[in-house]
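The next block holds one structure in the form of structure tokens; read it before the comments.
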Amino acid sequence: KRRLLICPHRVLHALPFHALPIDGRFLIERYAVTYVPNLTSLLWSFPAVTKGKALLVAAPRHDGPAGSALPYIPDAVHEIDDVAALYAEAAIPVQKLADAAATEAALQSLADSGSLATFTILHFACHGQNIDESMPMEARLYLRDSALDGLDIANWSLRADVLVLSACASGQRPIGGRDFVELPGDDLSGLQAAFFMAGVRQILSTLWPVQ
């Protein structure tokens with residue numbers, strides 16, 4: 001076998017299966033590891049993806065109410081510059097929203113015009129917020145001027161084949177909250193769920209704080 005698909009539940013969302021040892025190597029060195037929100041998602045069909053174009057967003061600082069608690073991210077803009085150079089080698093057109101341009105208004109303008117749905121690659125380098133178990137849809141991505149939560153994102157129309165969330169805790173899933181002993185579906189909440197709902201096909205994200 002070359003591919004391994006894992007469908008975790010509850011606390012198993014916090015286990016990095018891909019980093020488990022096997023025969024002296026990490027699991028991800030032996031298999032292409034993919035996590036799926038539920039097995040039904042394997043039945044979905046998607047149109048073939050062409051090269052398309054990429055939208056790269058870097059928000060190294062946040063000027064909103066939480067800004068004083070969020071340190072400046074010195075390498076966020078450098079990150080999307082490096083990624084843009086790699087896409088240029090593959091002849092993939094790139095649009096960048098960096099620093100002061102990385103605003104909710106800029107993204108919403110792209111969404112309203114339908115342009116946001118034309119990007120096949122999305123990449124966010126910014127602060128992310130851990131899931132609040134009492135409000136499982138309120139995991140956040142921090143742009144320059146605002147914090148995007150799951151409800152904001154789920155209302156977009158996206159057709160990206162891949163989304164990179166270079167942000168703290170962006171891959172976490174809630175396992176409780178809203179006074180439920182157990183959530184009715186832990187694949188329904190969090191940033192990943194919001195982006196899947198908006199139409200993204202695959203997500204690369206992080207379980208823990210990024211240093």
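As the structure is a prediction and not an experimental result, all values here were calculated from the model.
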Nearest heavy atoms of [X] and [Y], plus distance in Å:
X: A14; Y: W208; value: O-CZ2, 3.3 Å
X: Q95; Y: F119; value: OE1-CZ, 3.4 Å
X: A84; Y: V94; value: CB-CG1, 4.1 Å
X: A102; Y: A59; value: CB-CB, 4.0 Å
X: A58; Y: P60; value: O-CD, 3.4 Å
X: S157; Y: A117; value: O-CB, 3.4 Å

Do side-chain atoms of [X] reach the backbone of [Y] as a donor and acceptor pair under 3.5 angstrom?
X: S109; Y: A105; answer: no
X: E104; Y: S146; answer: no
X: E29; Y: F26; answer: yes
X: S170; Y: T206; answer: yes
X: H123; Y: V164; answer: no
X: D75; Y: H78; answer: no

Can you find a heavy atom in the side chain of [X] that is under 4.5 Å from one in the side chain of [Y]?
X: Q192; Y: P37; value: no
X: K53; Y: T120; value: no
X: P16; Y: L207; value: yes
X: Y87; Y: L56; value: yes
X: I121; Y: L55; value: no
X: L143; Y: H62; value: no
X: L97; Y: L107; value: yes

Rounded to the nearest 0.5 Å, how far apart are [atom1] of [X] and [atom2] of [Y]?
X: R144; Y: D99; atom1: CZ; atom2: CG; value: 5.0 Å
X: I153; Y: N155; atom1: CD1; atom2: CG; value: 10.0 Å
X: L163; Y: Q202; atom1: CG; atom2: CD; value: 10.5 Å
X: L204; Y: T34; atom1: CG; atom2: OG1; value: 10.5 Å
X: I73; Y: S166; atom1: CD1; atom2: OG; value: 8.0 Å
X: Y31; Y: R3; atom1: OH; atom2: CZ; value: 13.5 Å

Pair H127, Y142 - check ring-ring contact (aromatic ring centres under 6.0 Å, His included), show working. CA-CA 5 Å; H127 278 291; Y142 287 93; 7.1 Å; no
Side chains of Y35 and H13: donor-acceptor distance under 3.5 Å anywhere? no
Passes side-chain contact (heavy atoms from CB on, under 4.5 Å), Q108 versus W156? Steps please. CA-CA 8 Å; Q108 194 58 51; W156 289 344; 3.4 Å; yes
Go through L191 and L141 one step at a time and tell me if the side-chain contact (heavy atoms from CB on, under 4.5 Å) criterion holds. CA-CA 8 Å; L191 287 172; L141 289 178; 3.9 Å; yes
Within 6.0 angstrom of R159 CZ, more than 12 heavy atoms from elsewhere: no
If hydrophobic clusters are built by linking Ile, Leu, Val, Met, Phe, Trp and Tyr wherever their side-chain heavy atoms come under 4.5 Å apart, do [X] and [Y] end up in the same one?
X: L5; Y: F17; result: no
X: L86; Y: I80; result: no
X: F124; Y: L110; result: yes
X: F195; Y: V57; result: yes
X: L12; Y: I203; result: no

Apply the test side-chain contact (heavy atoms from CB on, under 4.5 Å) to residues L158 and V200: give CA-CA distance (whole Å), side-chain angles for both, the deciding distance (0.1 Å), then the verdict. CA-CA 6 Å; L158 304 175; V200 169; 3.6 Å; yes
Evaluate salt bridge (charged side-chain N to carboxylate O under 4.0 Å, His left out) for R140 paired with D149, printing each intermediate quantity in order. CA-CA 4 Å; R140 292 181 175 90; D149 65 23; 5.2 Å; no
V36 and L42: side-chain contact (heavy atoms from CB on, under 4.5 Å), yes or no, with the steps? CA-CA 8 Å; V36 295; L42 300 179; 3.7 Å; yes
